[in-house]
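Lettering follows sequence order; numbering is per chain, from 1. Worth saying up front: this structure is predicted, and the values here are computed from it rather than measured.
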Number of protein chains: 2
Amino acid sequence: MKSRLNLTLREVEALLKEHGVQASAQRIAVCHYVLTTNTHPTVDDVKAWADENFPKMSLATVYNTLNLLAGVGVIKALKFPHSDKAHFDGDLSNHFHFLDEDTGKIYDIPGESLKYQLDLPEGFELSEMEFLAKGKFQG
Amino acid sequence: MKSRLNLTLREVEALLKEHGVQASAQRIAVCHYVLTTNTHPTVDDVKAWADENFPKMSLATVYNTLNLLAGVGVIKALKFPHSDKAHFDGDLSNHFHFLDEDTGKIYDIPGESLKYQLDLPEGFELSEMEFLAKGKFQG
DNA sequence: TTTCAATTTAGATCTATTCTAAAGCTATAT
DNA sequence: ATATAGCTTTAGAATAGATCTAAATTGAAA
């Protein structure tokens, strides 16, 4: 069976079209890269990858494309407290993140690891809950 | 009994000294303001307040002071996904935040409103958990 | 194949924040 | 009280990350 981690370029192209996004070469490449990594890359990370694998892609295109993809919900934009840079995540499944406070590395934690029950005061209508675990990881 | 919301300037001065911070007039004023509001002010908010109530305070001092106070743990620095600006919170008690996605306003939610049980995978050592509720509030 | 809109690009601009170095204060020892 | 050494404050310059602009390029569709 198929995980996002081994999507082909063709499949990514189809995915973009499904989301009403014109599938240019740059968009396919960037989208494919973000969907097939677990490293939560920043714009700079994606640019560095492009410099090796898709030369001549401008920084503006990296920004435009990542924002576009996040806008239509193909990937997610993340902000973490230790850094000003946006990170991007191709994993839309139920999970949250663990930030290693020593290294700045981000790890995925399955959503099932956290059971919670929330009772908001009157008047608050919840749309989404965000979680971040912080500490250190020794792998 | 005394909540942080009605601390006097003298009490704030004492608090700073307890934390090993020299209690200059600017620091007392900024610290008092952040401790006695529930509005999670940004740097600009604090600067705007200062322009009315402590004229001639420079923007650099607002930044320096807020960072210093957060560094020694008298207040907390917060980042939210809807904005690039840092927010500051004088409430160190057990609570988390609700972000109104329409207005950008931030509300306090008592920590007791959320019960949770976390089972991290092997090797993760938790130091702190961060929560953010998002949605809309009709007050 | 012409055309019109969408995409990409380099560079300028913007925003939040930090840095710099000079000027102003404050505590403490005399 | 006064000197002085070390803080603190300040204005403005500098930086980092992201967005905007307008021109060039590409692509889709008649």
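- Residue contacts for B:Ser24: at a heavy-atom cut-off of 4.0 Å it reaches the sugar-phosphate backbone alone, with no base atom in range.
- When each of B:Lys17 and B:Lys79 is assigned the nucleotide of DNA chain C bearing its nearest heavy atom, the one mapping closer to the 5' terminus is B:Lys79.
- Contact check on A:Asp102 versus A:Lys136 returns a salt bridge, with a Lys/Arg side-chain nitrogen under 4.0 Å from an Asp/Glu carboxylate oxygen.
- Aromatic ring orientation, B:Phe131 versus A:Phe131: perpendicular (interplanar angle above 60°, classes split at 30° and 60°).
- For B:Asp84, the listed nucleotide lying nearest its side chain is C:dA16; candidates were C:dA16, C:dT17, C:dT8.
- Between A:Tyr33 and A:Trp49, the two ring planes are parallel [angle under 30°; tilted spans 30° to 60°].
- Residue order along DNA chain D, read from the 5' end via each residue's closest nucleotide, puts B:Leu68 first among A:Leu59 and B:Leu68.
- Across the protein-nucleic acid pair, B:Ile28 atom CD1 and C:dT26 atom P stand 10 Å apart, rounded to whole Å.
- At whole-Å resolution of the value, NZ in B:Lys47 and C1' in C:dT17 are 15 Å apart.
- Following rounding to the nearest Å, B:His87 (NE2) and C:dA16 (P) show an atom-to-atom distance of 10 Å.
- We find that B:Asp45 and B:Lys85 are not joined by a salt bridge, their nearest charged nitrogen and carboxylate oxygen being 4.0 Å or further apart.
- Where A:Asp44 and A:Ala60 each meet DNA chain D at their nearest nucleotide, the meeting point lying more 5' is that of A:Asp44.
- For the pair B:Gln26 CD and C:dG24 C1', the interatomic distance rounds to 10 Å; values are reported in whole Å.
- With salt bridges taken as basic N to acidic carboxylate O contacts below 4.0 Å, one links B:Lys76 and B:Glu128.
- Residues A:Met57 and B:Gln22 each lie close to DNA chain C; by heavy-atom proximity, the contact nearer the 5' end of the strand is made by A:Met57.
- Checking side-chain atoms of A:Ser113 against main-chain N and O of A:Pro110 turns up a donor-acceptor pair under 3.5 Å.
- Atom NZ of A:Lys56 is separated from atom C1' of C:dT9 by 12 Å (rounded to the nearest Å).
- Among the heavy atoms of the strands lying under 4.0 Å from B:Asn64 is at least one base atom, whether or not backbone atoms are also near.
- Close to C:dT18, at under 4.0 Å from its OP1 or OP2, lies no side-chain N or O of B:Tyr63.
- Taking the six-membered ring for Trp and thresholds of 30 and 60 degrees, B:His97 and B:His95 have ring planes more than 60 degrees apart, a perpendicular arrangement.
- Here chain B contacts DNA chain D (any atom closer than 4.0 Å to a heavy atom, that is under 4.0 Å), and the contacts span D:dC7 to D:dA11 from 5' to 3'.
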